[in-house]
Amino acid sequence: MLAVHDQRHAYRPADPLTTWLHAIARYEMVDLLRARLPRRAVEVALDDDIADEALHGEDARAAESRRDLLRLLAMLPERYRLPIVAVKIEGRSIAECASWTGLSESAIKVGIHRGLKRPAAHVAGRRRPTP
């Protein structure tokens with residue numbers, strides 16, 4: 001009854017009441033059964049090759065992603081690259097980046113926006129002319 005009370009906002013008067021009540025009862029039963037089922041730990045034996053790939057594959061993928069990111073950033077003019085690196089990668093605030101670069105805050109925001117559009121277009125295969 002508490003579930004019906006909690007879900008009263010979801011009832012639409014045009015729909016049959018019994019269908020709505022059955023749905024609530026069904027979901028409550030599923031929740032009850034999930035709570036009562038024992039949880040078992042699952043162990044999966046890994047081959048040494050698979051374990052090495054799982055452990056070292058992440059490092060290789062991270063290094064590859066970093067290399068690709070640096071390559072894309074190198075293609076940008078400095079007025080776009082500096083705000084992206086400072087704000088999006090280093091985590092500086094827009095105000096801090098503006099005082100650091102000598103640009104206005106709106107110029108930093110525009111630089112980030114335009115600068116992020118270029119690598120996205122390049123990755124998607126559409127080259128945009130450099131202004």
Side-chain angles (χ1 to χ4, degrees):
M1 294 303 289
L2 186 57
V4 171
H5 177 71
D6 287 342
Q7 293 299 319
R8 70 184 185 277
H9 69 278
Y11 177 68
R12 293 180 299 217
D15 294 341
L17 178 66
T18 55
T19 305
W20 180 70
L21 289 173
H22 284 275
I24 291 174
R26 181 177 62 240
Y27 289 122
E28 287 298 311
M29 181 61 78
V30 167
D31 288 344
L32 178 70
L33 292 174
R34 282 185 187 149
R36 288 188 179 177
L37 287 176
R39 299 184 190 267
R40 297 183 199 132
V42 177
E43 292 185 24
V44 178
L46 294 176
D47 294 337
D48 289 338
D49 294 335
I50 295 172
D52 286 344
E53 174 63 29
L55 293 175
H56 300 296
E58 291 298 321
D59 293 338
R61 280 183 243 139
E64 189 175 318
S65 296
R66 182 172 179 76
R67 186 191 71 230
D68 292 343
L69 175 65
L70 291 175
R71 187 178 299 152
L72 288 170
L73 286 173
M75 294 173 16
L76 294 175
E78 190 172 293
R79 69 177 183 266
Y80 297 152
R81 184 177 55 250
L82 287 178
I84 290 173
V85 170
V87 174
K88 297 296 183 182
I89 296 175
E90 294 175 356
R92 297 181 185 192
S93 69
I94 290 179
E96 184 181 2
C97 182
S99 66
W100 176 63
T101 59
L103 300 170
S104 68
E105 289 186 22
S106 61
I108 296 295
K109 291 177 187 178
V110 168
I112 291 170
H113 176 73
R114 290 181 181 167
L116 290 176
K117 285 175 70 173
R118 287 174 183 238
H122 178 76
V123 169
R126 299 182 313 263
R127 293 205 154 202
R128 301 180 88 194
T130 305

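All residue numbers in this chain count up from 1 along the given sequence. Just so it is clear, the structure is predicted and the values come from calculations on it, not from any experiment.
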Approximate separation, where rounding is to 0.5 Å, of [X] [atom1] and [Y] [atom2]:
X	Y	atom1	atom2	value
His22	Thr18	NE2	OG1	5.0 Å
Leu103	Arg79	CG	CZ	10.5 Å
Glu90	Leu82	CD	CG	9.5 Å
Lys117	Leu76	NZ	CG	13.0 Å
Met1	Asp6	CE	CG	11.5 Å
Thr101	Ile108	OG1	CD1	3.5 Å

| Is it true that a side-chain atom of Arg34 and a backbone atom of Asp31 form a donor plus acceptor pair closer than 3.5 Å? | no
Tell me whether the count of non-hydrogen atoms from other residues, nucleotides or ligands lying under 6.0 Å of [atom1] in [X] goes above 12.
X	atom1	answer
Glu78	CD	no
Arg67	CZ	yes
Tyr11	OH	yes

Contact summary for [X] and [Y], nearest pair of heavy atoms:
X	Y	result
Ile24	Gln7	CD1-CB, 3.9 Å
Tyr80	Gly111	CD2-O, 3.6 Å
Arg92	Glu96	CB-OE1, 3.6 Å
Lys88	Ile112	CE-CG2, 3.7 Å
Lys109	Ile94	CG-CD1, 3.7 Å
Pro83	Cys97	CA-SG, 3.9 Å

| request: Validate the cation-pi geometry between Arg12 and Trp20: distance from NZ or CZ to the six-membered ring centre under 6.0 Å, angle to the ring axis within 45°. | output: no
| task | Give a yes or no on whether Val87 and Ile89 share a hydrophobic cluster (residues Ile, Leu, Val, Met, Phe, Trp, Tyr; joining criterion: side-chain heavy atoms under 4.5 Å apart). | result |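 The answer is yes; both residues are in one hydrophobic cluster.
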| said: Counting C-beta onward and ignoring hydrogens, is there a side-chain heavy-atom pair between His113 and Val110 closer than 4.5 Å? | reply: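 No, side chains not in contact.
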